[in-house]
Protein chains: 2
Amino acid sequence: MAAARRPRADALRNRDRLLAEADAAFREKGTDASLEGIARRAGVATGTLYGHFPTRRALLGALLRDRNAELFRRGEELLAAPDPAAALTAWVHAVTEHAAAYQGLAAELAEGIDDEASELHESCVRMADIGDRLLENARAAGALRRDATGADLFALMNAAAWTGERTSPEQAGRLVDLAMGGLLAPPC
Amino acid sequence: MAAARRPRADALRNRDRLLAEADAAFREKGTDASLEGIARRAGVATGTLYGHFPTRRALLGALLRDRNAELFRRGEELLAAPDPAAALTAWVHAVTEHAAAYQGLAAELAEGIDDEASELHESCVRMADIGDRLLENARAAGALRRDATGADLFALMNAAAWTGERTSPEQAGRLVDLAMGGLLAPPC
DNA sequence: ACCTGAACACCGTTCAAGT
DNA sequence: ACCTGAACACCGTTCAAGT
């Protein structure tokens, strides 16, 4: 087993600059912003970008690392929350907001769950898994008005995020509330 | 007022070939399929494509003409239907299926409602208008569990269509049913 | 009245050559 | 070990020149 080598200083610096420019570009233009433009603004050749991030999704995945950690921390917290119905609703809202970070991200996530080669696959599976468990808790507590699957939940989160990308976060939230109103039994 | 001239025979033929190839390309690759490829397969120069259809959306709009007519005919039928709740649900399903005709169409429609310059604007407005009226009917009949706006409805239809594009029509339908379950009062 | 195709600008991706 | 930048393939859009 090879010891981990420390990367060269210029490599580290280039990586950081690429990430910073990619974040700015993705925020402004969405996840299909020009990679060539990102490399140019970072002051490196395009080959350098590919050296650090072999695919667009690898770049996206690196950009989402911290954000993902925060989301999953929140998920674990909700799994321990006392009211399963409220926890489920909060989770769907949280993922919806997460998936609207960049225009185009919702599409990448929707694809990532089925595509094992996607650098986003693992995080998608984890999002779906937390959703499954929160759904199961709500079902066990008799909080469901009708049955639904984890796939329904994942589809809702991505679809609402997609709506949010091109209308407003408020509209996305209203869509989630509408669907959750169909899923959850009214409080007695 | 100028009399309508009959177009030249070769122009008509080129237009038809372009539409046929565009339909095939959009079905296969989605609405952002290469225009150059469409022109090539239709056997015309790219300038000819632009002569007939100045924008990608103009091409898309021409392709949707018949499909739109059928959709709106269905809408008028539903406006005259006896059960307002069932009519509303049927309309949302119908538009959702319509908007999934080509991958990428849901995004064009979501954009078209706000963009007056879009060649799809008029049909988007008409879809939203029929939705508004069906919603109003359902409200008047006391069939709503909670309030919702025409914008909510339009967002739902596009979001569900977007889901359908990348999962399955069944999943799109399940999403619609979930949201409609939140909107409509249960039958007593 | 319509068509052609060259021209321009822009992009994703790879890889031999450099340091 | 990493970086450069030319090379290749592909695309959207315009417009002068043709018929």
Side-chain angles (χ1 to χ4, degrees), chain A residues 2-22 24-26 28-63 102-104 107-108 111 115 117-119, chain B residues 2-22 24-26 28-63 102-104 107-108 111 115 117-119:
Chain A
R5 315 247 167 211
R6 33 179 18 220
R8 249 163 53 177
D10 59 340
L12 258 185
R13 214 187 45 130
N14 283 341
R15 209 188 110 96
D16 285 347
R17 299 186 96 197
L18 282 166
L19 284 172
E21 292 299 338
F26 286 0
E28 201 180 339
K29 315 254 191 186
T31 57
D32 54 354
S34 156
L35 296 181
E36 193 183 311
I38 290 170
R40 199 184 323 126
R41 276 192 294 271
V44 303
T46 62
T48 303
L49 188 155
Y50 281 89
H52 285 278
F53 307 104
T55 67
R56 183 183 293 273
R57 279 197 286 252
L59 181 53
L60 191 53
L63 239 23
Y102 305 121
Q103 177 137 2
E108 294 284 355
E111 211 170 307
D115 178 6
S118 168
E119 285 86 350
Chain B
R5 315 244 167 213
R6 353 165 68 191
R8 250 163 55 176
D10 60 339
L12 259 185
R13 212 186 49 129
N14 283 342
R15 210 187 109 96
D16 285 347
R17 299 187 96 197
L18 282 166
L19 284 172
E21 292 298 340
F26 286 179
E28 200 180 340
K29 314 253 191 188
T31 57
D32 54 352
S34 157
L35 296 181
E36 193 182 311
I38 291 170
R40 199 184 323 127
R41 276 192 293 271
V44 303
T46 63
T48 302
L49 188 155
Y50 280 88
H52 284 278
F53 307 104
T55 67
R56 184 184 292 274
R57 279 198 286 252
L59 182 52
L60 192 52
L63 240 22
Y102 304 122
Q103 177 137 0
E108 294 284 355
E111 212 171 307
D115 179 4
S118 167
E119 284 86 350

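These numbers come from the heavy atoms of this one structure, side chains and all, not from hydrogens, waters or symmetry mates. In what follows, every chain begins at residue 1, and chains take the letters A, B, ... in the order their sequences are listed.
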Subject >> Inter- and intrachain pairs under salt bridge (charged side-chain N to carboxylate O under 4.0 Å, His left out), touching residues 47-56 of chain A, at least two apart >> reply: none

**OP:** Write down the distance between CG (B/Leu49) and C1' (C/dG5), rounded to a whole number of angstrom.
**Re:** 14 Å

Would you give me the side-chain donor-acceptor pairs under 3.5 Å for residues 12-22 of chain B, sequence neighbours excluded?
{"unit_1": "B/Asn14", "atom_1": "ND2", "unit_2": "B/Asp10", "atom_2": "O", "d": "3.4"}
{"unit_1": "B/Arg17", "atom_1": "NH1", "unit_2": "B/Ala42", "atom_2": "O", "d": "3.2"}

**OP:** For each nucleotide in nucleotides 14-19 of chain D, reading 5' to 3', give B when a protein heavy atom comes within less than 4.0 Å of its base, S when such contact involves only the sugar-phosphate, and - otherwise.
**Re:** BB----

Subject >> 5' priority, DNA chain C, between B/Asp10 and A/Ser34 [closest heavy atom] >> reply: B/Asp10

**OP:** Indicate the atoms forming the closest heavy-atom contact of B/Ala11 with B/His52, along with that distance.
**Re:** O-CE1, 3.2 Å

**OP:** Identify, residue by residue, the members of residues 11-21 of chain A with a heavy atom below 4.0 Å from DNA chain D, and return them in order of residue number, or none.
**Re:** A/Ala11, A/Asn14

Subject >> Set of residues satisfying side-chain hydrogen bond (donor to acceptor under 3.5 Å, both in side chains) with respect to B/Ser34, sequence neighbours excluded >> reply: none

Original post:
Would you say the side chain of A/Leu35 lies within less than 4.5 Å of the side chain of A/Thr46, judging by non-hydrogen atoms?
Top reply: no

Subject >> Partner set under salt bridge (Lys or Arg N to Asp or Glu O under 4.0 Å) for A/Asp32, not counting sequence neighbours >> reply: none

Subject >> Atom-pair distance (CZ on B/Arg56; C1' on D/dC11), nearest Å >> reply: 10 Å

**OP:** Using only side-chain N and O atoms of B/Arg40, determine if any of them is under 4.0 Å from OP1 or OP2 of D/dC11.
**Re:** yes

**OP:** Under 3.5 Å for both distances, Watson-Crick or G-U wobble, that's the pair rule; now give the dot-bracket for DNA chain C, with | marking pairs to another strand and [ ] for crossing ones.
**Re:** ||.|||||...|||||.||

Subject >> Pairing residues for A/Gln103 by the side-chain hydrogen bond (donor to acceptor under 3.5 Å, both in side chains) criterion, not counting sequence neighbours >> reply: none

Subject >> Distance, rounded to the nearest Å, where B/Glu36 contributes CD and D/dC10 contributes P >> reply: 9 Å

Original post:
Base, sugar-phosphate, or nothing: which does A/Ala33 touch, judged by heavy atoms less than 4.0 Å apart?
Top reply: sugar-phosphate

**OP:** Hey, could you give me the CD/CG distance between A/Glu36 and A/Leu49, rounded to the nearest 0.5 Å?
**Re:** 10.5 Å

Original post:
To the nearest angstrom, how far is B/Leu59 atom CG from D/dT13 atom C1'?
Top reply: 15 Å

Original post:
How many Å lie between NZ on A/Lys29 and P on C/dC10, as a whole number?
Top reply: 11 Å

Original post:
Salt bridge between B/Glu111 and B/Arg57, side-chain N to carboxylate O under 4.0 Å?
Top reply: yes

Original post:
Can you list the residues that meet the side-chain contact (heavy atoms from CB on, under 4.5 Å) rule with B/Ala58, with sequence neighbours excluded?
Top reply: B/Phe53, B/Pro54, B/Thr55, B/Glu119

Original post:
For B/Phe26, what residues pass the ring pair (Phe, Tyr, Trp, His ring centres under 6.0 Å) criterion, not counting sequence neighbours?
Top reply: B/Tyr102

**OP:** Using only side-chain N and O atoms of B/His52, determine if any of them is under 4.0 Å from OP1 or OP2 of C/dC2.
**Re:** no

